[in-house]
Undergrad: 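Let me begin by handing over the structure; questions about it come next.
Just so it is clear, the model here is predicted, and its values are computed rather than measured. Starting from 1, each residue takes its place in the sequence as its number. The basis for the numbers below is simple: all heavy atoms, side chains too, and nothing from hydrogens, waters or symmetry mates.
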Amino acid sequence: MINKDLRKYSKIVVDGVEQAPSRAMLRAVGFEDQDFKKPQIGIASTWAMVTPCNMHIDKLAEDVNKGTDAAGGKGIIYNTITISDGISMGTEGMKYSLVSREVIADSVETVSACMGHDAIITIGGCDKNMPGLLMGMARLNRPSIFIYGGTIQPGPNHTNVVSVFEAVGGHAAGTVSDIELKQIEDTAIPGPGSCGGMYTANTMASAIEALGMSLPNSSAQDAISQEKVDDCLNAGEAIMHLLEHDIKPSDIMTRPAFENAIKVTIALGGSTNAVLHLLAMAHTMGVELELDDFSTIGKKTPMLADLKPSGKYLMSELIKIGGIQPLMKTMLEAGMLDGSCLTVTGKTIEENLADVEPYPAGQDIIRPLDKPIKKDSHLVILRGNLAPDGAVAKITGKEGLSFSGNARVFESEEASLKGILDGTVVKDDVLIIRYEGPKGAPGMREMLSPTAAIMGKGLGEDVALITDGRFSGGSHGFVVGHVTPEAIEGGPIAIIETGDKISIDAETNEVTVELSDEEIAARLTKWKKPASRYTRGVLAKYAATVTSASEGAVTDKYL
């Protein structure tokens, strides 16, 4: 047992005669005399019944509480919000998705700072709540651990949530019947856990583990498993070690640690959302990280994982062969990772990986370094006269490395989906979906509905899509997002007209429209900024404070 007083913040709340009212209120929630001398551990749960990703996290929070109490701390569970991208996708509600990341960060900061928690353990299981939780912990910079809620099991015939979205496109194309669509809808999502491919949830869980902010293997455990229960119980002992040695997020979330996270994300073929979230997390931690760093790192980092959406396998299958730890060890031994980075175990990456066994012989989920799926990053940072401040493409090479075609312009995601499903969109089109950026939507919606419809209609190799919005981790195909400046800011994407010639080149890293500088300038002089539909509430506040996607779409940069 630890004998020294590890309370730095909670003693201000509970010590002394004058704090008797505080103690009286805490007694009502279960505190006893001895608990006031224990360090208080805030356990931020994202439990909610709004999504299968988080429906089991209340039980995981109780397991964390047991582990914390057994290790000599006093756990205090509180909730923050979560939303569901998958449920709100393609609707107005999706505008609140990226906004929720900021609300979650604000919540963790607000509750744990107010209540004087000495350390924080957070549990997340969906795209935005994970970076939001990390940002909240980074702001407070108290000993902290993140726990991933775990991945979902696949449905019959290897199906998952993206299977349902793509079946909608197949139904429109006449290749999926009413009965088949209903069967996929009924069975593809069988229970708790985050979406099963290397979509944004599993991408961010893996990146956070590589960053050092979760215990080894936390990113590669089924949502309902003894391994996930043990992960929660073990967090209690780990947080007490961090408290004893005063190891904080700022000691772990360093520039080399972010580089490790980026490299592992690339090796896994992770989501474009990782670019947005890692930029935001670095900003919150005060670490210098820029859009072009992804290009620099990406030139030396191969894509190795044959995981959905563009690949064959699901996260549940990667879990069975050992998760991401063997991959990290392979990369470390090849000199690709910085093994000296500290982690929440109190040990370095190199120390954590010392006894990790390699992947079993014969597996083909993770390719050898000398036989990659792509020799460099699938996350490609593009610039050009269509995106002077940058854009992010997800190009695995399976869809080719360049695309040229005719612009077909849509002013919203809904309009584009209608155009795809009714046959307006045809071969050689480059869909332009604008006014979907952080300020313009506001909220930067994900374009999974249109990208999945394109795939479902069999147009995956025949059309491209460019947007100032972003993409779900489940999106694949020739897609370019995060275009900056966004349309609402008068970026060139605002003046593209249907029929303009568009070129995307992942080898020269360019995205261009075949217009002269003079023509672009002339069109911009005629452009009028559309009025916002939102003048009150959270979306209006978000639009007024959010930065561009190339800066992570954070809301506190200019405060």
Undergrad: Quick one: does Tyr96's side chain get under 4.5 Å of Ser88's, heavy atoms only?
TA: no

Undergrad: Return the minimal non-hydrogen interatomic distance between Phe403 and Val430, and the atom names on each side.
TA: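 Heavy atoms of Phe403 and Val430 come nearest at CE2-CG2, 3.8 Å.
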
Undergrad: I'd like to check Cys53 versus Thr82 (side-chain heavy atoms, cut-off strictly below 4.5 Å). Are they in contact?
TA: no

Undergrad: Taking all non-hydrogen atoms of both residues, which atom of Ile262 and which atom of Leu278 are closest, and how far apart?
TA: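 Smallest interatomic distance, heavy atoms only, reads CG1-CD1, 3.9 Å.
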
Undergrad: Considering non-hydrogen atoms only, spot the tightest contact between Val409 and Thr498 and give its length.
TA: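 Answer, listing the atom of Val409 first, then Thr498: N-OG1, 3.1 Å.
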
Undergrad: Would you say Val392 and Ile381 make side-chain contact, with heavy atoms under 4.5 Å?
TA: yes

Undergrad: Are any side-chain N or O atoms of His378 and backbone N or O atoms of Gly270, one a donor and one an acceptor, separated by less than 3.5 Å?
TA: yes

Undergrad: State plainly whether the residues Lys374 and Asp376 are in salt-bridge range, i.e. N to O under 4.0 Å.
TA: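 Salt bridge: yes.
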
Undergrad: Check side chain to side chain contact (heavy atoms under 4.5 Å, CB included) between Pro302 and all other residues, then give those that pass, not counting sequence neighbours.
TA: Leu304, Met336, Leu369, Pro372

Undergrad: What closest approach, in Å, do Ala220 and Glu209 show between heavy atoms, and which atom pair accounts for it?
TA: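 Heavy atoms of Ala220 and Glu209 come nearest at N-OE1, 4.4 Å.
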
Undergrad: Can you check whether Glu109's main-chain N or O pairs, donor with acceptor, with Arg139's side chain at less than 3.5 Å?
TA: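 Not confirmed, Arg139 side chain does not pair with Glu109 backbone.
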
Undergrad: Are any of the side-chain heavy atoms of Glu413 and Pro450 separated by less than 4.5 Å?
TA: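 Of all side-chain heavy-atom pairs linking Pro450 with Glu413, at least one is under 4.5 Å.
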
Undergrad: For the pair Asn202 and Tyr148, evaluate side chain to side chain donor-acceptor pair (under 3.5 Å) and give the outcome as yes or no after the intermediate values.
TA: CA-CA 9 Å; Asn202 283 317; Tyr148 181 40; 2.8 Å; yes

Undergrad: Just to verify, what does Thr272 make a side chain to side chain donor-acceptor pair (under 3.5 Å) with, not counting sequence neighbours?
TA: none

Undergrad: What salt bridge (charged side-chain N to carboxylate O under 4.0 Å, His left out) pairs are there with at least one residue in residues 180-193, not counting sequence neighbours?
TA: Lys182-Asp186

Undergrad: Run the side chain to side chain donor-acceptor pair (under 3.5 Å) test on Ser271 and Thr203 for me, step by step, so that the C-alpha distance in whole Å, both residues' side-chain angles and the decisive distance to 0.1 Å come before the verdict.
TA: CA-CA 6 Å; Ser271 166; Thr203 296; 5.1 Å; no

Undergrad: For Arg383, which of Thr512, Asn509, Asp292 qualifies under side-chain hydrogen bond (donor to acceptor under 3.5 Å, both in side chains)?
TA: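 With Arg383 as partner, side-chain hydrogen bond (donor to acceptor under 3.5 Å, both in side chains) holds for just one option, Asp292.
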
Undergrad: Can you name the side chain to side chain donor-acceptor pair (under 3.5 Å) partners of Asn406, sequence neighbours left out?
TA: Lys501

Undergrad: For the CG atom of Asn79 and the CD1 atom of Ile104, what is their distance to the nearest 0.5 Å?
TA: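 So the CG of Asn79 and the CD1 of Ile104 are separated by 11.0 Å.
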
Undergrad: Could you check whether any side-chain heavy atom of Leu134 comes within less than 4.5 Å of a side-chain heavy atom of His277, counting everything from C-beta outward?
TA: no

Undergrad: Can you find a pair of side-chain heavy atoms, one from Val479 and one from Met447, that are under 4.5 Å apart?
TA: no

Undergrad: Any side-chain to backbone donor/acceptor pair from Lys457 onto Ile420? Under 3.5 Å, distance only.
TA: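 Answer holds: yes.
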
Undergrad: Under a 4.0 Å N-O cut-off, is there an ion pair linking Arg533 with Glu92?
TA: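 Yes, Arg533 and Glu92 are salt-bridged.
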
Undergrad: Would Thr46 and Thr80 count as a side chain to side chain donor-acceptor pair (under 3.5 Å) if you check the C-alpha gap in whole Å, the side-chain angles of each, and the deciding distance to 0.1 Å?
TA: CA-CA 5 Å; Thr46 54; Thr80 181; over 6 Å; no

Undergrad: Between Thr451 and His476, is a side chain to side chain contact (heavy atoms under 4.5 Å, CB included) present by the stated rule, with each step listed?
TA: CA-CA 7 Å; Thr451 59; His476 58 120; over 6 Å; no

Undergrad: Tell me the closest heavy-atom pair linking Val176 and Ala167, and the distance in Å.
TA: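 That would be CB-O, 4.0 Å.
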
Undergrad: Rounded to the nearest 0.5 Å, how far does CE of Met89 lie from CG of Leu417?
TA: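 Here the rounded value is 12.0 Å.
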
Undergrad: Check Pro249 against Met137 and note the closest heavy-atom contact, atom names and distance.
TA: CG-O, 3.9 Å

Undergrad: For Ser316, is there any backbone N or O sitting under 3.5 Å from a side-chain donor or acceptor partner on Thr151?
TA: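 No, the answer is negative, given that no donor and acceptor are paired below the 3.5 Å cut-off.
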
Undergrad: Check for a donor-acceptor pair, side chain of Ser194 on one end and backbone N or O of Gly125 on the other, with a separation under 3.5 Å.
TA: yes

Undergrad: Which residue pairs satisfy the salt bridge (charged side-chain N to carboxylate O under 4.0 Å, His left out) criterion with at least one member in residues 192-205, sequence neighbours excluded?
TA: none

Undergrad: Is there a side chain to side chain contact (heavy atoms under 4.5 Å, CB included) between Phe410 and Leu431 once you walk through the steps?
TA: CA-CA 7 Å; Phe410 297 98; Leu431 281 68; 4.1 Å; yes

Undergrad: Would Asp127 and Arg101 satisfy salt bridge (charged side-chain N to carboxylate O under 4.0 Å, His left out), going step by step from the backbone distance to the final call?
TA: CA-CA 9 Å; Asp127 298 13; Arg101 186 189 73 184; over 6 Å; no

Undergrad: Between Val513 and Ile502, is the side chain to side chain contact (heavy atoms under 4.5 Å, CB included) condition met? List the steps.
TA: CA-CA 5 Å; Val513 56; Ile502 306 289; 3.8 Å; yes

Undergrad: Examine distances only and state if a side-chain atom of Asn54 and a backbone atom of Thr51 form a donor-acceptor pair shorter than 3.5 Å.
TA: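 It does not hold such a pair.
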
Undergrad: Check this for me, if you would: do Glu414 and Lys418 make a salt bridge, where the nitrogen-to-carboxylate-oxygen distance has to be below 4.0 angstrom?
TA: no

Undergrad: Nearest 0.5 Å please: distance from the CD atom of Glu489 over to the CD1 atom of Ile493.
TA: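 These two atoms lie 13.0 Å from each other.
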
Undergrad: Looking at Asp85 and Met94, would you say the former's side chain and the latter's main chain have a donor-acceptor pair under 3.5 Å?
TA: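 No: the side chain of Asp85 does not pair with the backbone of Met94.
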
Undergrad: Within the 3.5 Å criterion, strictly below it, is a donor on Thr424 or Asp422 matched to an acceptor on the partner's side chain?
TA: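 There is such a pair (donor and acceptor under 3.5 Å, judged by atom type) between the side chains of Thr424 and Asp422.
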
Undergrad: Measuring from atom NE2 of His482 to atom CG of Asp389, what distance do you get when rounded to the nearest 0.5 angstrom?
TA: 14.5 Å

Undergrad: Any chance you could measure Thr265, atom OG1, to Phe258, atom CZ, to the nearest 0.5 Å?
TA: 11.0 Å

Undergrad: Within the side chain of Lys439, is there an N or O that forms a donor-acceptor pair under 3.5 Å with the backbone of Val546?
TA: yes

Undergrad: Do the side chain of Trp47 and the main chain of His56 share a donor and acceptor less than 3.5 angstrom apart?
TA: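 No, Trp47 side chain to His56 backbone: no donor-acceptor pair under 3.5 Å.
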
Undergrad: Can you check whether Arg408 reaches Val426 side chain to side chain, under 4.5 Å on heavy atoms?
TA: yes

Undergrad: Would you give the length of the straight line joining atom CD of Glu288 to atom CZ of Arg255, rounded to the nearest 0.5 angstrom?
TA: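 Going from the CD atom of Glu288 to the CZ atom of Arg255 covers 8.5 Å.
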
Undergrad: Is there a side chain to side chain donor-acceptor pair (under 3.5 Å) between Glu436 and Thr467? Walk through the geometry before answering.
TA: CA-CA 7 Å; Glu436 292 288 1; Thr467 180; over 6 Å; no

Undergrad: Walk me through whether Met130 and Ile208 qualify under side chain to side chain contact (heavy atoms under 4.5 Å, CB included).
TA: CA-CA 9 Å; Met130 288 188 278; Ile208 291 166; 4.1 Å; yes

Undergrad: Strictly by salt bridge (charged side-chain N to carboxylate O under 4.0 Å, His left out), give each pair with a member in residues 446-456 just once, sequence neighbours left out.
TA: Lys128-Glu446, Glu446-Arg470

Undergrad: Does any part of the side chain of Leu539, heavy atoms only, come nearer than 4.5 Å to the side chain of Val99, both counted from C-beta?
TA: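 Touching, per the 4.5 Å side-chain cut-off.
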
Undergrad: Within the side chain of Asp468, is there an N or O that forms a donor-acceptor pair under 3.5 Å with the backbone of Tyr435?
TA: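 Yes: the side chain of Asp468 pairs with the backbone of Tyr435.
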
